[in-house]
Amino acid sequence: MDKSVKIEVKHLNFYYGNFRALEDISLDCYANEVLSLIGPSGCGKSTFLRCLNRMNDLISISRVEGNILLGGLDIYDPSVDVVMLRSRIGMVFQKPNPFPKTIFENVAYGLRVNGIKDKGIIENRVEESLKLAAIWDEVKDRMHESALGLSGGQQQRLCIARALAVEPEILLMDEPCSALDPIATQKIEELIHQLKKSLTIIIVTHNMQQAARVSDITAFFYIGKLIELGKTDTIFTRPNLKQTQDYITGRFG
Amino acid sequence: MSVSKSSLQRRKNLLQKIVFNVFRFAAFINGLALFIIIYFMIAKGWKAITWTFLTQPPVDSMTKGGILPCIVGTLCLSIGAILIAMPIGVASAIYLNEYARPGPLIRMIRLGINNLAGIPSIVFGLFGLAFFVVWLKMGVSIIAGALTLGAMTLPVVIGSTEEALRAVPDTYREASLGLGATKWQTIYRIVLPTALPGILTGTILGISRAAGETAPIMFTAAVFFTPSLPLSIFDEVMALPYHIYVLATAGTEIEATRHLQYGTSLVLIFLVLGMNLIAIIYRSRLRKRMQ
């Protein structure tokens, strides 16, 4: 099967002031695959993830070198509208962060800010997204209650639905299960399997088993460098480098 | 060994008790101060509070009659000050907290705001007289007084708004931007609604403080005596704090009008408490809607 490259990262360097947080990262990410980023805390995997939707732009002292191509488009090109870009790339955060609004309004938010006003369209898309995120049955009778009344796991799936509503091509997940219990985690992982049929997912995780379970490709980061990149099966069974082996077997990290 | 240990334990427990009671006393003083003030006002002023007092203008050189023009005047000045201070203050705070990148300019603006907060109210009064009343030819009027009170309240509004904005978790901002919202959409649809209860509380507290000020309005808005109610924002008014000041220092019958002074004070206190109460009720309703 032909695989199409979704994201192409070429010689990416990222600086916080004078500190180089990412060193010469190059990798390709293919459509409808799940790429997991693993590595010890502070290795730059979250920073890398945030380069992909330019969330790092918010940090005034940050600087980016190199290229990130999204379907051939250089996302750091001055002509790129970062607001447009972010509506093509969804993001799910470490801690569930629903807005202090109703469940319905949370999911409708992305549509509203992107100029969709038609009530029917919004209602349909909200329902679709909640179904995709496997939370529809749990919330369909309480759509107009506050999202803050949901459990942590439900909140995170709501956040996924919120991201899906804008129909992104890529979903970035920054340790989406680190604040959740094992059952909620399992639901999110099943969801990732479902979602990759329609989009590309890049997930940061501290949980080796999770990376092994959900991803096709795994990238191991260590102190700002991409140490090893390969098929998840290979990385977890016969990694090329001893450093990778040490990390995934828990000898450091 | 065991004896010395238990005496140490006793000393520790004793110290613990002393410190605890000192703190408790300090906290208690707050309530006591408020209680004493309100007790005095009620004890000395309640006889003055009648229907006539609340609904009639003063008569007989302000030794009889009511204080309706003062109540109306103070309400007008307070509402005017809110209308002026809130938009400017909230907009400034949004700029400082959400848009501005730290630098010398921002440091200077902040320094300015902090110093504005430290300026004595009588200086605001003189500034209002020179700038609004004379230079801008507004005359002694509600608008000049409201602008002066508004300027005086600005630092409070900015301070509490900034605090409320900072209390909005950054993850809300990131989530909104991540969905393709612009910065302004994020502020308008997420940050401001979340911060609104805090903004309102701070603003109302600032205004109710200003409502009781005499110095800023004595040259800009308030007059000694006018029996008529204001018809436009360019009319001069009577005001509660200034009326108290006048009765207590410059009236024809200072001793004979003591009960009127306390009665007026009582009305002022309840007006301010009323404004605070509205703010608190509104805030808790907003909070409930968000939970």
Side-chain angles (χ1 to χ4, degrees), chain A residues 49-50 52-61 81-102 105-116 144-149 155 158-168 170-174 179, chain B residues 90 94-110 161-202 282-291:
Chain A
L49 196 73
R50 284 162 167 265
L52 299 176
N53 66 346
R54 291 185 54 178
M55 209 49 111
N56 285 330
D57 288 15
L58 302 179
I59 305 160
S60 56
I61 53 163
D81 178 12
V82 64
V83 172
M84 277 279 286
L85 173 79
R86 290 195 186 122
S87 64
R88 291 178 62 187
I89 304 179
M91 188 161 198
V92 176
F93 298 81
Q94 191 169 351
K95 262 172 63 186
N97 57 354
F99 300 128
K101 294 173 177 285
T102 64
E105 281 306 322
N106 261 278
V107 186
Y109 181 79
L111 304 170
R112 295 196 199 282
V113 296
N114 285 295
I116 298 175
H144 298 285
E145 289 173 30
S146 169
L148 301 182
Q155 287 188 6
L158 179 70
C159 291
I160 294 174
R162 181 176 68 183
L164 294 176
V166 259
E167 298 184 319
I170 295 158
L171 190 60
L172 308 176
M173 305 178 105
D174 191 357
Chain B
V90 170
I94 290 174
Y95 171 70
L96 289 172
N97 203 61
E98 306 289 327
Y99 283 101
R101 300 242 154 147
L105 178 69
I106 296 308
R107 267 206 302 280
M108 247 163 64
I109 293 177
R110 278 189 199 282
T161 302
E162 275 208 273
E163 206 168 298
L165 292 175
R166 273 196 294 270
V168 176
D170 267 338
T171 60
Y172 287 0
R173 295 182 179 83
E174 290 181 340
S176 171
L177 294 172
L179 290 163
T182 61
K183 195 159 192 173
W184 168 239
Q185 285 175 320
T186 301
I187 291 169
Y188 180 71
R189 289 169 180 258
I190 302 292
V191 178
L192 272 184
T194 312
L196 194 57
I199 294 174
L200 281 175
T201 312
Y282 188 59
R283 178 182 58 176
S284 71
R285 276 180 52 186
L286 277 179
R287 289 234 169 104
K288 213 175 279 163
R289 220 169 55 197
M290 274 195 271
Q291 288 309 312

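In what follows, every chain begins at residue 1, and chains take the letters A, B, ... in the order their sequences are listed.
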Contacting region of A/Pro168 [heavy-atom separation from chain B under 4.5 Å]
neither
Using a cut-off of under 4.5 Å on heavy-atom pairs, state which of B/Lys183, B/Gln185, B/Arg173, B/Arg101 scores highest against chain A.
B/Gln185
Checking heavy atoms, do the side chain of A/Arg112, its backbone, both or neither come under 4.5 Å from chain B?
both
The reported gap from CD in A/Glu105 to CG in A/Leu111 (rounded to nearest 0.5 angstrom) is 10.0 Å
Taking C-beta and beyond as the side chain, do B/Leu177 and A/Leu58 meet within less than 4.5 Å on heavy atoms?
yes
Is it the side chain or the backbone of B/Arg189 that comes within 4.5 Å of chain A heavy atoms, both, or neither?
both
Step by step, work out the side chain to side chain contact (heavy atoms under 4.5 Å, CB included) result for B/Thr186 and B/Val191.
CA-CA 6 Å; B/Thr186 301; B/Val191 178; 4.2 Å; yes
Residue pair A/Arg162, A/Asn106: steps toward the side chain to side chain contact (heavy atoms under 4.5 Å, CB included) verdict
CA-CA 6 Å; A/Arg162 181 176 68 183; A/Asn106 261 278; 3.4 Å; yes
Say whether, by atom type as modelled, one donor and one acceptor occur between the side chain of B/Ser176 and the main chain of B/Tyr172 under 3.5 angstrom.
no
Which bit of A/Leu85 comes within less than 4.5 Å of chain B, counting heavy atoms only: side chain, backbone, both or neither?
neither
Pick one of side chain, backbone, both or neither for A/Arg54, based on which atoms fall under 4.5 Å of a heavy atom in chain B.
neither
Is the shortest side-chain heavy-atom distance between A/Met55 and A/Arg86 below 4.5 Å?
yes
Contact class of A/Val83 relative to chain B, heavy atoms under 4.5 angstrom
both
